[in-house]
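Note: hydrogens, waters and symmetry copies are ignored here, and every other heavy atom, side chains too, is used.
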Amino acid sequence: MKDQDITDLSWDDFDELRDPRPDDNAFDAVVDRAMSRRGFLGGVLAFGSGAAVMGAGVLGSVKSAQAQTSRFAFTPIDIATDFDIHVPEGYEWKVLTRWGDALFSDAASAYSPVGGVDVSMSDRVFGENTDGMELFTDGDKEIIAVNSEYVNPKINLPEASAGVPQSGDEVTMLKNLQGVTVMEVAKGDQGYEVVIDSPYNRRITHETVMTLDGPAAGSDLMKTNADPEGMNPKGTMNNCGSGRTLWGTYLTCEENFNGYFGATSPVEGTEAHARYGIGGEGRYAYEKFDPRYDLAVEPNEPNRHGWVTEINPLDPSSTPVKHTALGRFKHENAEMVQANDGRVVVYMGDDERGEFIYKFVSNGVYTEGGSTQGLLSDGQLYVAKFNDDMTGEWIALTPEATGMSLTETLVFSRMAGSKVGATTMDRPEWIAANPIKCEAYCALTNNKNRGVKPNAGGDATPVGGPNPRETNNYGQIVRWTPAGEDHGADSFTWDLYVMAGNPDVYDNVYGGSDNVTSGNMFNSPDGMAFSSDGMLWIQTDGDDSNEGEFAGQGNNQMLVGDPETGEIARFLTAPNGAEVTGLCWSADKTTAFVGIQHPGGSWPDGAGKPRSSVISVWRKDGALIG
Ligand code: FEO
Ligand code: CA
Ligand code: CA
Ligand code: CA
């Protein structure tokens, strides 16, 4: 495959290219078996070949949805297929900031509709492809930290480049438009706007110097020619979902870092390279212009990425910290909660087909205003095992359990998880914890390889547990309740909050769970966040063709789910081509900030290039929205 074609692939299809193991089932046979597994909508769910038939409890309390009075404050909207945003009657939206918009007045001319972003100002503007986002306050100031997950080279580079950088400058620009933006926002007569030149404003890119902490910091696996101590990596990349600490800092999560590395001359592949999809040519040809990305020069550089990185959004001179204690994988987001004894708990998903869900538990306890030293560097990493009987366990990734050194369990967490028999999941995306009840939800976005093909480590991916459908193109949301209503517990019970599907096309398991109807259907749940009233906001990143098995689902969307009744209602539709990702609220909860990533057409400008943007959404009557 030629370079220019690689840049057109989705991240998960790029990983498939790196993991070309032949399918172990014929597709037709898989579909036949799944189609014959009828009865789900009648309240009986059959698990994979040879497994027991289980009762309706797998779908939790959602079956009573239709009987409840709606708790939604809005009238759900219809699907859309156009290149615009739609919100319910009584609500309004506007763009807060777009790819290329200046954070500082000296970069006011950085963006032009024809040329895109000028390289010389590319680290002083809002980046491309907005993702995870959190809002912080400092007195009466409001500060948003927000990820720019990746860049689309064909949008950013001159047409002649065909999506492949032709110079060091072009690589620099692509690198600068990823990473993290910290920006002050303020509410004026026209709603929220970015405060240009605010002292809080900051860009964090591939070039920002960071520190490592935790057990793997300074280990041989972290040492490079440029950093022989293995303590000061440069940059954070492919920043996907987010989190916030109890002490008010931002957690940015490094997801598809593997695609940025390539080899200019042949290098010997390792088991870890295979598991993490590292090797061959890089997705963006960075290795041809910057030796840091060249596996032939810096074989350990990829080990310094794939972490949860902490940023103090209130101090622009602070040094970001990569926390090795939280494990290295394709981090989606990091949802921090507290155990009943005060320890810090962080739930994390690894977004690749057949990978795992993790949890970190600190050794120390957090008290408001107390020291946070060591809370994200000293603790235990666990991986989830889901049983078919709707129970589950957190298995500690210790050297005893894995046969690996402590450093290896953290740098190669996927391999450690495989050693202890963790459950292969249908691409874990965001995890969100209910603020008013002890439970957590994980969006399992989809997995066309479920029951078809092992994961990149060779672990089987049988149908069963919270991954009940072969060739799962719709996705589902699993939730768990920790034992003793304590996030620090080693065990839990689980059910499925929703199985997405298309009841107009299928009358079997692919029709979805009972809380999916013709009027609210969607595919590929991804971003999730709870509002303070305990409602679950669900964002999608799926097939928006509105055709075939996706007919009637329209563009990607944001829905609101009631955890108690299972009812789900559509709140927002995105422009065609876009996914909806990233959500936070203003301090007064009157405004929601929503990320619109990789839009199509010429959204939002109406002409020229499409521009990934953050929008604000509010009620015209000024009532609370979050
Ligand atoms: Fe960056 Fe898994 O989404
Ligand atoms: Ca995502
Ligand atoms: Ca996704
Ligand atoms: Ca995506």
Side-chain angles (χ1 to χ4, degrees), residues 3 6 11 14-15 18 149-151 165 168 170-172 174-180 204-240 252-309 319-324 326-331 350 352 405 407-408 410-415 456:
D3 287 357
I6 286 180
W11 285 99
F14 178 76
D15 286 327
R18 290 269 169 92
E149 186 178 30
Y150 68 99
V151 284
E170 290 188 352
V171 168
T172 297
L174 296 184
K175 290 194 299 190
N176 282 346
L177 292 168
Q178 302 167 41
V180 178
I204 293 162
T205 71
H206 281 240
E207 296 300 315
T208 306
V209 174
M210 322 222 151
T211 58
L212 283 161
D213 78 0
S219 71
D220 286 349
L221 288 168
M222 294 299 185
K223 293 174 180 168
T224 63
N225 293 308
D227 176 24
E229 302 296 314
M231 289 300 291
N232 296 110
K234 260 179 155 186
T236 184
M237 63 181 73
N238 217 102
N239 306 82
C240 184
T252 185
C253 301
E254 300 169 3
E255 192 190 25
N256 294 301
F257 64 92
N258 59 312
Y260 297 90
F261 301 95
T264 56
S265 57
V267 294
E268 199 179 335
T270 64
E271 181 189 354
H273 280 170
R275 184 61 182 270
Y276 284 84
I278 293 163
E281 59 182 6
R283 191 177 163 107
Y284 295 129
Y286 287 5
E287 71 273 16
K288 293 180 181 147
F289 299 96
D290 186 340
R292 184 151 66 98
Y293 300 84
D294 186 351
L295 298 167
V297 178
E298 292 285 16
N300 282 344
E301 184 66 22
N303 295 339
R304 293 142 66 91
H305 304 277
W307 302 104
V308 172
T309 296
T319 303
V321 181
K322 295 191 176 212
H323 291 299
T324 67
L326 275 62
R328 174 172 165 270
F329 41 91
K330 293 186 180 179
H331 281 283
D350 181 357
E352 191 169 322
S405 71
T407 296
E408 288 168 339
L410 299 173
V411 180
F412 307 126
S413 306
R414 288 180 164 183
M415 289 148 66

Assess, by modelled atom type and distance only, whether the side chains of Tyr150 and Asn256 contain a donor and an acceptor separated by less than 3.5 Å.
no

Between Glu287 and Thr264, does any side-chain donor sit less than 3.5 Å from a side-chain acceptor?
no

Show the nearest heavy-atom pair for residues [X] and [Y], with the distance to one decimal.
X	Y	answer
Pro215	Thr407	O-OG1, 3.8 Å
Phe329	Ser413	CD2-CB, 3.9 Å
Pro165	Val171	CB-CG2, 3.7 Å
Gly306	His331	O-CD2, 3.0 Å
Glu301	Lys234	OE2-O, 4.4 Å
Met222	Ala216	CG-O, 3.2 Å

Should Leu174 and His206 be marked as a side-chain contact (heavy atoms from CB on, under 4.5 Å) after you check the CA-CA gap, both sets of side-chain angles, and the distance that decides it?
CA-CA 10 Å; Leu174 296 184; His206 281 240; over 6 Å; no

Distance check, rounded to the nearest 0.5 Å: [X] atom [atom1] versus [Y] atom [atom2]?
X	Y	atom1	atom2	value
Thr224	Asn300	OG1	CG	7.5 Å
Asn303	Ile278	CG	CD1	7.0 Å
Gln178	Ile204	CD	CD1	14.0 Å
Leu410	His323	CG	NE2	13.0 Å
Tyr260	Asp290	OH	CG	14.0 Å

Phe14 six-ring face occupied by Arg283 cation (under 6.0 Å, within 45°)
yes

Between Glu207 and Arg292, does at least one N-O distance fall below 4.0 Å, as a salt bridge requires?
yes

Relative to the ring of His305, is the ring of Phe261 parallel (under 30°), tilted (30 to 60°) or perpendicular (over 60°)?
tilted

On the 0 to 90° scale, with breaks at 30° and 60°, tag the Tyr284-Trp11 ring pair as parallel, tilted or perpendicular.
perpendicular

Within the 4.5 Å heavy-atom criterion, are Glu254 and Asn239 side-chain neighbours or not?
yes

Between Arg275 and Phe412, is there a donor-acceptor pair closer than 3.5 Å when you use the side chain of the first and the backbone of the second?
no

Ignoring hydrogens and geometry, is there a side-chain-to-backbone donor-acceptor pair from Asn232 to Asp227 under 3.5 Å?
no

Under the side-chain contact (heavy atoms from CB on, under 4.5 Å) rule, what do Asn238 and Glu149 come out as? Steps first, then yes or no, please.
CA-CA 5 Å; Asn238 217 102; Glu149 186 178 30; 3.4 Å; yes

Could you please spell out the steps behind the side-chain contact (heavy atoms from CB on, under 4.5 Å) verdict for Phe257 and Cys240?
CA-CA 10 Å; Phe257 64 92; Cys240 184; over 6 Å; no

